[in-house]
There are 2 protein chains.
Amino acid sequence: MTADGQRTGGGQRTGGERDKTVGRDCSIAGALGVVGEKWSLLVLREVLLGERRFDQIARNTGASRDILAARLRGLVERGVLARRQYEQRPPRDEYVPTQAGRELAPILLALMDWGDRHVTEGPPPTRFEHDCGAELEPELACRHCHARVTAGSTRLLRLGSVG
Amino acid sequence: MTADGQRTGGGQRTGGERDKTVGRDCSIAGALGVVGEKWSLLVLREVLLGERRFDQIARNTGASRDILAARLRGLVERGVLARRQYEQRPPRDEYVPTQAGRELAPILLALMDWGDRHVTEGPPPTRFEHDCGAELEPELACRHCHARVTAGSTRLLRLGSVG
DNA sequence: AATAGTCAGTTGGAAAATCCAACTATGCTG
DNA sequence: CAGCATAGTTGGATTTTCCAACTGACTATT
């Protein structure tokens, strides 16, 4: 689990193996290699919500404690979370998001929005308000023209090869 | 695997079990219950890229054929993909994205962007151009004020409970 | 000082998911 | 019919995950 996987590895391969039957060279696969394991994104959700202690994260995600310990270790290794002592008397550590971890927040919000619209029945269980005062309805936009980005509004410039 | 999971189920639970030690009621968990299994998002990537045949998807993702068959079946059941005959003479089916599936494209693009910036070394293996002519650099924006949405620009209005 | 409680994990063994190569099934083509 | 292509399925090995119970460090209580 030597924090490699990147470039060609990554993929969906859970462990930290070496490329064998790789698949397409692709940063989606790379990203999933870092946060795509079971429970990782839910752990990150809790941390971003401010829940930073082991027991709470375990309770709120539903992950079993051994897997949670493994995920936290992995996310710290890969730079998504950092571990910090927040109390000395009983020496206690907490997990906080790194910059890279905070930059996953939009992805979680987009996933939440999709889940609200396509899987959750009834009203959204969790809701956010944006700084502008409106209830958050996120959408992906182009940084340049600020128009919405959808499946049909892009054209492929270059495609990663299939290693 | 009765396409339930939703509301409270979903979670990270891979099979289609019933809530036991659920975790927070949350549409992120719900969404991951639909597309969070290993390989699902890479399969969707291929389908959205236009690769719609079994063998190609297998090759381009690196998933083994049995798992791929299970994923395709699951994604069709859950309404992310649809199966359609594209040829009669040798009767052949292809997998195409549904509307819900196409609406996952922004999430894949956001993941790709994050991967480009935080895990892939070197230049992005895959690049898109937006309709506006600029190379795509996606960001999450508020549908109302069109400002960028980051980890710090939202406030929690309501939080799903921990079932 | 013993006892109990909290927190953050670790352990061992069972269950489930994934991997892999080989095989089947269907229809076409020569 | 033999050979090829596509789309899976099968069986068995390997890897992950689950689960409950346990450890270890420290604090609070009596």
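In what follows, chains carry the letters A, B, and so on, assigned in the order in which the sequence lines appear, proteins first and then strands, with residues in each chain numbered from 1.
- Between the C1' atom of dA8(C) and the CD atom of Gln56(A) lies a distance of 13 Å, rounded to the nearest Å.
- Arg59(B) has its CZ atom 11 Å from the P atom of dA5(D), to the nearest Å.
- Between the side chain of Thr61(A) and the backbone N or O of Val43(A), no donor-acceptor pair lies under 3.5 Å.
- Contact check of residues 44-55 of chain B against DNA chain D (heavy atom, cut-off under 4.0 Å) returns Arg53(B), Phe54(B), Asp55(B).
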field: Verdict with reasoning, His130(B) to Arg155(A), per side chain to side chain contact (heavy atoms under 4.5 Å, CB included)
entry: CA-CA 6 Å; His130(B) 186 239; Arg155(A) 199 169 56 84; over 6 Å; no
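- With Glu94(B) as reference, Arg84(B) is the one residue of Arg53(B), Arg52(B), Arg84(B) to meet the salt bridge (charged side-chain N to carboxylate O under 4.0 Å, His left out) rule.
- Side-chain atoms of Thr126(A) come within 3.5 Å of backbone N or O of Gly160(B) as a donor-acceptor pair.
- OP1 or OP2 of dG9(C) sits under 4.0 Å from a side-chain N or O of Arg83(A).
- Between dA21(D), dT17(D), dG8(D), one nucleotide has an atom nearer to the side chain of Arg65(A) than all others, and that is dA21(D).
- A close approach under 4.0 Å does not occur between any side-chain nitrogen or oxygen of Tyr95(B) and OP1 or OP2 of dT6(D).
- Side-chain atoms of Ile67(B) lie closest to dT18(C) of the nucleotides dT17(D), dG8(D), dT18(C).
- Between the side chain of Thr154(B) and the backbone N or O of Glu129(A) there is no donor-acceptor pair closer than 3.5 Å.
- Between the side chain of Ser27(B) and the backbone N or O of Gly30(B) there is no donor-acceptor pair closer than 3.5 Å.
- Between Glu51(B) and Arg45(B) there is no salt bridge, since no side-chain nitrogen of the basic residue lies less than 4.0 Å from a carboxylate oxygen of the acidic one.
- Out of dT18(C), dG12(C), dC20(C), the shortest distance to the side chain of Asp66(A) is found at dG12(C).
- Using modelled atom types, one finds no donor on one side chain facing an acceptor on the other under 3.5 Å when comparing Ser153(B) with Asp131(A).
- No donor-acceptor pair under 3.5 Å is formed between the side chain of Arg127(B) and the backbone N or O of Leu136(B).
- Taking every side-chain heavy atom of Lys38(A) into account, dT17(D) is the closest of dT10(C), dT17(D), dT18(C).
- Close to dT16(D), at under 4.0 Å from its OP1 or OP2, lies no side-chain N or O of Trp39(A).
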task: Any chance you could list the contact pattern along nucleotides 24-30 of chain C? Use B for base contacts, S for sugar-phosphate-only contacts and - for none, protein heavy atoms under 4.0 Å, 5' to 3'.
output: ---SS--
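- Nucleotide dG8(D) holds its P atom 13 Å from the CG atom of Leu75(B), rounded to whole Å.
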